[in-house]
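Down below is the structure, laid out as structure tokens.
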There are 2 protein chains.
Amino acid sequence: MKKSYNNGVEATLGVISGKWKPQLLCYLGQRPQRTCDLRQNLPAISQKVLTQQLRELERDGIISRQISGDRAPFKVTYALTELGHSLGEILVQMSLWGEQRANQVPDMEVTHDHEGFTQLLQNS
Amino acid sequence: MKKSYNNGVEATLGVISGKWKPQLLCYLGQRPQRTCDLRQNLPAISQKVLTQQLRELERDGIISRQISGDRAPFKVTYALTELGHSLGEILVQMSLWGEQRANQVPDMEVTHDHEGFTQLLQNS
DNA sequence: CGGTATCCACAATGATACTG
DNA sequence: CAGTATCATTGTGGATACCG
């Protein structure tokens, strides 16, 4: 069945929305990473949800998945695709806007700055 | 309690994510609107959820709410704030990215183009 | 007209145990 | 090491009735 959105904003949100996706995109923007690397960067995520979010990003063409090894233990590496890199400008802008906003609202904080996402831009 | 985000992207998503928020921002970007106007533009939304999403946007400083009339029936008008307008560039970029993507994926369509959001930019 | 209150359905995320 | 299966929990949105 055909997926229909009212506007492009919703379509984009459909790709980057997800509890861990911004962080995953940030880390993968720096360099390709193995599953265990991602788990180390995100200790709080469960195996199931990590796989879920990665599968969705892969299905949407944002990241690639490459397996090496013929038998367990396998080595799986995820990397941003060209389409993934094309999200760079949007993510940087969103990051900057969110940071500015957090600086103006007392009860809000942003723990990591936008630098991670700017690197995503450069590597493209 | 202090709301904490890992990065600015999540903070921004916290503001614009919501089933009807992109459409609400699009319509309010054109001109201020009364509740009944919004309901007419969005026939499928329930009263409860409409109020919910508007309250959240108001709490986040994206829109303003003005009541006129001392007794029922009241007249309530919503309008984008300056902060709301500052989302314009991000929304336009997201809209464009989403449209391009829909053009490349067979099973995806975007029914309204980005023009609505560009008007949001001009009125600021 | 605009909004609230209640109750309900479903989607998204999480915990845990298990597999090749 | 990476992933799946199952079940529990939570959050978001929807249906309906009612209020000033």
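Below, each value reflects all heavy atoms present in this structure, side chains not excepted, and no hydrogens, waters or symmetry copies.
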Please tell me which of the listed nucleotides, D:dG14, C:dG3, C:dT13, lies nearest to the side chain of A:Gln53? C:dT13
Atom pair distance, as rounded to whole Å: CD in A:Glu58 and P in D:dA2: 15 Å
A:Gln66 atom CD: more than 12 heavy-atom contacts under 6.0 Å: no
What I want to check is whether an N or O donor and acceptor connect the side chain of A:Lys48 with the base of C:dG14 at under 3.5 Å. yes
B:Gln66 CD to C:dC1 P: how many Å, rounded? 19 Å
Rounded to the nearest Å, what distance is computed from the CG atom of residue A:Leu54 to the C1' atom of nucleotide D:dC1? 14 Å
Given C:dC1, D:dG14, D:dA17, identify the nucleotide with an atom nearest to the side chain of B:Trp20. D:dG14
C:dG3, OP1 or OP2 - any side-chain N/O from B:Arg65 closer than 4.0 Å? yes
Atom CD of B:Gln47 and atom P of D:dC18 are separated, to the nearest Å, by 14 Å
Heavy atoms of A:Gln33 and A:Tyr27 approach each other most closely as NE2-O, 3.1 Å
What are the two closest non-hydrogen atoms of B:Thr77 and B:Pro32, and how far apart are they? CG2-CB, 3.9 Å
Provide the closest heavy-atom pair for B:Asp113 versus B:Ser95 in the form atom of the first, atom of the second, distance. C-OG, 4.5 Å
Could you pick out which residue, A:Val49 or A:Pro73, lies toward the 5' side of DNA chain C when each is mapped onto its nearest nucleotide? A:Val49
Which whole-number value in Å describes the distance from B:Leu50 CG to C:dC1 C1'? 12 Å
Between D:dA2 (P) and A:Ile67 (CD1): distance, integer Å: 11 Å
Whole Å only: how far is the NZ atom of A:Lys19 from the P atom of C:dT13? 8 Å
Taking side-chain contact (heavy atoms from CB on, under 4.5 Å) as the criterion, tell me which of B:Thr12, B:Asn7, B:Val9 meets it with A:Leu91. B:Val9
Does A:Arg39 reach a base, just sugar-phosphate, or nothing at all? Heavy atoms under 4.0 Å. nothing
Nearest to the side chain of A:Val76 - D:dG13, D:dG3, C:dT13? D:dG3
Can you identify which nucleotide, out of D:dG3, C:dA15, C:dG3, has its nearest atom closest to the A:Tyr78 side chain? D:dG3
What is the distance, rounded to the nearest whole Å, between atom CG of B:Leu38 and atom C1' of C:dG3? 14 Å
Would you classify A:Gly18 as touching base, sugar-phosphate or nothing, given that sugar-phosphate means primed atoms plus P, OP1 and OP2, and contacts are heavy atoms under 4.0 Å? sugar-phosphate
Per atom distances to the A:Arg34 side chain, the nearest of D:dA2, C:dT13, C:dC1 is D:dA2
Quick note, B:Phe74 side chain, CB onward, closest among C:dG14, D:dG13, D:dG20 is D:dG20
Is the phosphate of C:dT13, meaning OP1 or OP2, less than 4.0 Å from a side-chain N or O of A:Ser46? no
What contact category does B:Glu56 fall into here, base, sugar-phosphate, or nothing, at under 4.0 angstrom with non-hydrogen atoms? nothing
For A:Leu57, which of A:Ile62, A:Thr81, A:Leu80 qualifies under side-chain contact (heavy atoms from CB on, under 4.5 Å)? A:Ile62
Taking any heavy-atom pair under 4.0 Å as a contact, classify B:Arg71: base, sugar-phosphate, or nothing. nothing
